[in-house]
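Here is the naming used below: chain letters follow the sequence lines, and residue numbers restart at 1 for every chain.
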Amino acid sequence: MEKQKKNLSKNLLKGTLVAGALLSVSALSAAPQSSNLFDYSVLGSGAEVRSELLHTTPSPADVFEAKCGEKKEAKKSEGKSEEGKCGEGKCGEKSSEKSKEKASKKKAEAKKESKSGEGKCGEGKCGEGKCGDK
Amino acid sequence: MLLKTETYQHQKTLAEYCRNGKEITLPGAITERLPHYRRLVFNIVNDSLESAFPIAFKYVERVHWNEMVVDFFSNHKCTDPQVWRMPFEFYGYVVEKEFHEKYSLPWLNDLLYFEWLEVELYMMEDIQYPLYKDSENWLGKLVAVNPEHKLIKLKYPIHKMNPKKAKENKGDHFLLLFRQKDSGKVQFVGLSTLYVFILENIFIGTKKLDEILNDVLYFFGINDMELLQKNTHSFLTDLKSKGFVLGIYK
């Protein structure tokens, strides 16, 4: 009986993430009242998860938008991580409107901007620590 | 832009030098200044990786982290021109080179993947939402969910605890990530096997919720449908409030 159940399960669960876990003996014979069957934990956003694990709030996703020489206040207000992206992070300027736009999450624009991580810095205009206001 | 063959060669030589640091001679270049190019390019790569993987950066010993980054920078030829995708290539490189074994960090691959997924989901192209109706009366209906999501299985619960503790809790750990429509923020939800089973069936989109719950009774050996319905309803309602469950299909 148990074997039949396993075979049927194998077919029905093929390709699913839970297959391995479900086909284990322990899962199939799980006690009905087993409380952890109904466990789930809403961990929050990436920043909240990191805050738990690191006690800081930088977002790795944001870093690709924090370009070469963003104004320091703008970065702080969004809780962005690291310095700029130009090798040494000292040049350029970015208006505070930029961060407001980001906050309002115009995704398409945000994604375009994110490519600036490939960008202008590290090419000799910045990285010497002379330009921009920070 | 078309480049002269000679210019292309010079650029290639400089790029190679930046990556591996092996001495070169470039016509017109001042040799003693070349290391600055290498330093600046390396800084960008290193900084991007540190920023993409802040948790791994914290928990991997600095000397090991530096070895991995230098190895990657020197030997891996990135295939994607977009810098924001580089961390994914780094993750692939770390897996391929089995650094987790070399440095005895069994959780390393899980952690890098987990951290990368937030970037990937955040940056991914928009996926069209299904046509749905706002409702919490799911039984007998096809449940509609936010299509911008990932459901993954990890060996170590690195999303719940620091890697050193997670190392002691090897098992099947399921995690749902989704991008909220309005804020664009990526949200994380840890799940039990039972809820993963329900969600995977919802994603397939061929079974109504009551049919899925009948399968749950069978697979999990539960004989209390009322309890199952009550808990599932509360779970789906919670996920609806977070912007993952949308309602029911029209």
Side-chain angles (χ1 to χ4, degrees), chain A residues 5 9 12-13 16-18 20-22 24 27-34 36-50 52-54 56 58-64 66 81-83 85-89 105 107-108 110-111 114-115 117-119 121-124 127-128, chain B residues 36-37 39-41 43-44 47-48 50-55 58 81-84 87 115-116 118-119 121-123 125-126 151-153 158-162 172 174 182-197 200 215 219-224 227 231 235 238-239 242:
Chain A
K5 191 175 179 182
S9 303
L12 289 171
L13 296 170
T16 64
L17 263 187
V18 289
L22 272 179
S24 69
L28 283 171
S29 59
Q33 280 77 32
S34 176
N36 63 12
L37 283 177
F38 298 110
D39 278 355
Y40 69 96
S41 49
V42 177
L43 303 168
S45 67
E48 287 165 325
V49 172
R50 274 187 297 286
E52 277 295 309
L53 297 170
L54 291 173
T56 55
S59 163
D62 287 343
V63 82
F64 298 103
S81 53
E82 314 302 316
E83 300 295 299
K85 293 290 140 253
C86 42
E88 291 180 330
K105 186 55 190 169
K107 283 183 196 166
K111 284 173 191 171
S114 69
K115 291 182 184 172
E118 297 167 32
C121 32
E123 289 183 348
E128 302 293 341
Chain B
H36 292 298
Y37 286 92
R39 178 174 56 82
L40 293 173
V41 176
N43 284 351
I44 291 171
D47 189 52
S48 294
E50 282 180 23
S51 306
F53 302 116
I55 304 171
K58 176 170 180 177
Q82 294 180 299
V83 168
W84 71 269
E115 294 201 83
W116 159 251
E118 185 191 359
V119 178
L121 263 185
Y122 181 83
M123 300 292 284
E125 283 187 26
D126 293 353
L151 184 57
I152 61 168
K153 183 164 84 170
I158 37 76
H159 53 294
K160 289 183 188 164
M161 56 190 77
N162 80 51
D172 292 321
F174 298 98
D182 296 332
S183 69
K185 284 183 180 172
V186 177
Q187 298 288 325
F188 296 78
V189 184
L191 299 170
S192 68
T193 310
L194 184 147
Y195 286 135
V196 175
F197 180 88
E200 284 201 298
D215 287 347
F219 281 112
F220 290 83
I222 299 173
N223 52 20
D224 188 342
L227 176 76
N231 280 292
F235 169 67
D238 201 5
L239 288 190
K242 309 289 178 201

Please classify the contact between B:I152 and chain A as side chain, backbone, both or neither, with a heavy-atom cut-off of under 4.5 Å. backbone

Top contributor to chain A contacts, counting heavy-atom pairs under 4.5 Å, from B:I55, B:N162, B:L191: B:I55

For a quick test of reading the model, state the closest non-hydrogen atom pair linking B:K160 to A:S41 and the distance between them. CE-OG, 4.0 Å

So B:K185 and A:E48, salt bridge (Lys or Arg N to Asp or Glu O under 4.0 Å) or not? Walk me through it. CA-CA 11 Å; B:K185 284 183 180 172; A:E48 287 165 325; over 6 Å; no

Interatomic spacing from CG in B:L239 to OH in A:Y40 - rounded to 0.5 Å: 6.5 Å

Heavy-atom proximity to chain A below 4.5 Å, by part of B:V186: backbone

Mind listing the closest non-hydrogen atom pair of A:L54 and B:K58 along with its distance? CD2-CD, 3.0 Å

A:F38 and B:Y195: which non-hydrogen atoms are nearest, and at how many Å? O-CE1, 3.1 Å

Which atoms of A:V42 are under 4.5 Å from chain B, going by heavy atoms: the side chain, the backbone, both sets, or neither? both

Considering non-hydrogen atoms only, spot the tightest contact between A:R50 and B:P54 and give its length. CD-CG, 3.5 Å

When the 4.5 angstrom heavy-atom criterion is applied to B:K242 and chain A, the contacting part is side chain

